[in-house]
A.B. asks: 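Encoded as structure tokens, here's the structure I'll be asking about.
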Amino acid sequence: MKRNIVIAVVTAAALVGGGTATALAVSGDDDDASTPVTRTDDDREDRDDRDDRSDDGDRAAAPGDVTAADAIAAALKHTPGTAVSAELDDGSWEIDVLGKGDTWHSVRVDPGTGKVLGSSKDDEDDAAEVRAALKGTSVTAEQAAKAAAAKGTVVSVDLDDDGDDRSWEAETRASGGDGQDWSVGLTTASVTADRDDD
């Protein structure tokens, strides 16, 4: 009887504590008193840490994840064209690809496997502007992502076609989660800290 009470109390404590402990009762036969043993469940904390990573671009890619450059390459293999941006968003890489004419494709790539999850087609009116911004450049979005990867885990790459200071914009995350914005040259792939970043 005492054993059942001890097990019930330890189990209730584990449940009230949010499942952060696992109770284990060790006993011989019914006449001996049970000895409760409690141990911390480190696996739950690891799962919580993984769940805390958001999927809106603030998520730092874990080791083994598909890089931005890999995701762009997979998207272009699936949907030929010119990659203009890549962003880790809602649990997948989203790559915008400018196809023929004014046709845009949004290609989703799994960040764990590199497989294309799907794509959609849109007609946008800024295709001519983007093509003009990329004219005479030699650095692709994939190459910009590779260059920025030397500064941290790349979570987005986007063409900045405003004004005279056109470049690729890349956002990286350090292992601690701190973000940094970078400018990557359209002809040199040189990486400099974004002057607008505080």
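If you read the sequence from its start, that first residue is 1, and numbering goes on from there. Basis for what follows: all heavy atoms, side chains included, without hydrogens, waters or symmetry-related copies.
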A.B. asks: Do any N or O atoms from the side chain of W168 and from the backbone of A148 form a donor-acceptor pair under 3.5 angstrom?
C.D. replies: no
A.B. asks: So, R108 side chain and S92 main chain: donor-acceptor pair closer than 3.5 Å or not?
C.D. replies: no
A.B. asks: So how far is it from T113 OG1 to D65 CG, rounded to the nearest 0.5 Å?
C.D. replies: 10.0 Å
A.B. asks: Quick one: closest heavy-atom pair of A132 and R166, and the distance?
C.D. replies: O-NH1, 3.5 Å
A.B. asks: How close do I95 and A86 get, heavy atom to heavy atom, and via which atoms?
C.D. replies: CG1-CB, 3.9 Å
A.B. asks: Mind listing the side-chain donor-acceptor pairs of residues 73-81 below 3.5 Å, one per line with the distance, residues two or more places apart or on another chain?
C.D. replies:
none

A.B. asks: From D126 CG over to D161 CG, what is the distance, rounded to the nearest 0.5 angstrom?
C.D. replies: 7.5 Å
A.B. asks: With no hydrogens and no angle check, is any side-chain donor or acceptor of Q143 less than 3.5 Å from a backbone partner on T140?
C.D. replies: yes
A.B. asks: Heavy atoms only: give me the nearest L186-L159 pair and the separation to one decimal.
C.D. replies: CD2-CD1, 4.0 Å
A.B. asks: When you compare the side chain of W182 with that of D194, does any pair of heavy atoms fall below 4.5 Å?
C.D. replies: no
A.B. asks: Say you draw a straight line from CH2 of W93 to CD of E87; how long is it, rounded to the nearest 0.5 Å?
C.D. replies: 8.5 Å
A.B. asks: Between S138 and T187 (side chain of the first, backbone of the second, donor and acceptor by atom type, cut-off under 3.5 Å), is there such a pair?
C.D. replies: yes
A.B. asks: For the residue pair T172 and T153, establish whether any side-chain heavy-atom pair is separated by less than 4.5 Å.
C.D. replies: no
A.B. asks: Working to the nearest 0.5 angstrom, can you tell me the gap between D90 CG and L88 CG?
C.D. replies: 9.5 Å
A.B. asks: I need the H105 NE2 to T82 OG1 distance, nearest 0.5 Å.
C.D. replies: 10.5 Å
A.B. asks: Indicate the atoms forming the closest heavy-atom contact of V157 with A145, along with that distance.
C.D. replies: CG2-CB, 3.7 Å
A.B. asks: Out of curiosity, T103 OG1 to K121 NZ, how far, rounded to the nearest 0.5 Å?
C.D. replies: 5.5 Å
A.B. asks: Under the 3.5 angstrom rule, does the side chain of D160 hit a backbone N or O of D162 as a donor-acceptor pair?
C.D. replies: yes
